[in-house]
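See structure below.
Throughout, protein chains are lettered first and strands after them, A, B, ... in sequence-line order, and every chain is numbered starting at 1. Because the structure is a prediction, the values reported are computed rather than measured.
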There are 2 protein chains.
Amino acid sequence: MITLHDKVYTCPVDVSLRFISGKWKILILFNLFHFEKRSFSELRDNLPGVAEKVLTQQLKELEKDNMIGRRILSEKPLRVEYFLTEQGISMSPMYEFLSKWGIAYLEKNGIDYIQDQHLYK
Amino acid sequence: MITLHDKVYTCPVDVSLRFISGKWKILILFNLFHFEKRSFSELRDNLPGVAEKVLTQQLKELEKDNMIGRRILSEKPLRVEYFLTEQGISMSPMYEFLSKWGIAYLEKNGIDYIQDQHLYK
DNA sequence: AATTAATTACTTACTTTTTTGTCATCACAC
DNA sequence: GTGTGATGACAAAAAAGTAAGTAATTAATT
C-alpha cells in the first residue's frame, strides 16, 4: 500500500492542508507567487515578524514537500533563490483567492488597510 | 481608525488566514459546506481525532468570526445545529479547491485513499 | 414501574505536545 | 564592519489532548 506519511487519508482536504500548514507557509508561497523568485533575506524582510530560524524551517519543509525550489546563486558568500515548483504553482488559485477574499472582507467592513506591495504580513 | 483585532494589515492573505487558522477549522467548514448542517456529535464523529473540548473551541471561534451559525433546535435536552453563514459560504471556493487539489495529488502520486463520504479527516 | 444506561452538547482542571521565538554563532566576502 | 544564509541550544507561548463531570432526557433492562 502506498501511503503519504504512513497514513491512509479519508479526506482530500486533509491532504492539501498537510502542505500548507505552518504559520508562514501560505505567506511564503503567496510571496513567491507574486514575485516569482526571492532570496532568503528578501523573504525575511517581506514577512515582518519571522525569525530567521523559523523561516529556514518553513522553507525546508516546503522544499521537502516539493512546493518550492531552491537554487544556489553563489557558493562562497552563499546566495540562494527560492521559487515555486510546478506543484507550488498548481496551488496558486488558492493564494489568489485568499488575497481577494481578504481585500473584500476589509472593504466590506470598512477596515483600514495599508497597501504595501513590499510587505507580506 | 477601524481595525481588525487591533492590527492594521498590510497583507490581505493574512486577513483571510485569521479566519481559518486552527487545526480543525477548514475541515469543519468543509464538512458544513458538504452537509449544509450538522449537529455537534455529527461533526465530532465525522472528524476522527477531535477532542470535544477542541471542537467546542473551534466552533466558538468560527461562530464569533461569523463563519458559521448556531441554531438551537431544542432547549431542554440541548440540541443544536451548525451551518455556514453567508461569510462562511463565501469561502467555499477554497474548500472545493483544496478538496480537488488533494484528490489530484493523491491520484498523481498513486497514493491509496479511502473514499468515505462520512468521514472528514 | 423502577432502575439503570445511554445520548446530547458541552465545561473544567490539568497535562502534554507542538510550534514559535530569542539569542548567539558560523564562514565567507567586500 | 556589514551582509549573506544559515545552525544550535534553549525558552516561551500557543495549541491541543486527557479525563472527568454536568443537566436533561430518552431508551433499555429488570
Side-chain donor/acceptor of Thr85(A) to backbone N/O of Asn66(A), under 3.5 Å = yes

Can you name the residues that form a salt bridge (charged side-chain N to carboxylate O under 4.0 Å, His left out) with Glu107(A), not counting sequence neighbours?
-> none

At under 4.0 Å, does any side-chain N or O of Lys23(A) touch on OP1 or OP2 of dT18(C)?
-> no

Which pairs, with at least one residue in residues 77-88 of chain B and sequence neighbours excluded, count as a salt bridge (Lys or Arg N to Asp or Glu O under 4.0 Å)?
-> Arg71(B)-Glu81(B)

Once the angle between the rings of Phe30(A) and His34(A) is folded into 0 to 90°, is it parallel (under 30°), tilted (30 to 60°) or perpendicular (over 60°)?
-> perpendicular

Return the set of residues passing side-chain contact (heavy atoms from CB on, under 4.5 Å) with Glu52(A) (not counting sequence neighbours), or none when no residue passes.
-> Phe40(A), Arg44(A)

Indicate yes or no for a side-chain donor-acceptor contact from Glu61(B) to the backbone of Phe19(B) under 3.5 Å, with no hydrogens or angles considered.
-> no

5' priority, DNA chain D, between Thr56(A) and Ala51(B) [closest heavy atom] | Thr56(A)

Using nucleotides 7-9 of chain C, report all nitrogen or oxygen pairs with the protein that are shorter than 3.5 Å.
unit_1, atom_1, unit_2, atom_2, d
dA9(C), OP2, Ser41(B), N, 2.9
dA9(C), OP2, Ser41(B), OG, 2.6

5' to 3' contact window, DNA chain D with chain B (heavy-atom distance under 4.0 Å) | dA16(D) to dT25(D)

For Lys53(A) and dT25(C), what is the distance between atoms NZ and P respectively, to the nearest whole Å?
-> 17 Å

Atom CD of Gln58(B) to atom P of dC10(C): distance rounded to whole Å?
-> 14 Å

How many angstroms lie between atom CG of Leu47(A) and atom CD of Gln58(A), to the nearest 0.5 angstrom?
-> 10.0 Å

Results of side-chain contact (heavy atoms from CB on, under 4.5 Å) for Phe97(B) - residues two or more places apart only = Met91(A), Pro93(A), Met94(A), Trp101(B)

Contact class for Glu61(B) (heavy atom, under 4.0 Å): base, sugar-phosphate, or nothing?
-> nothing

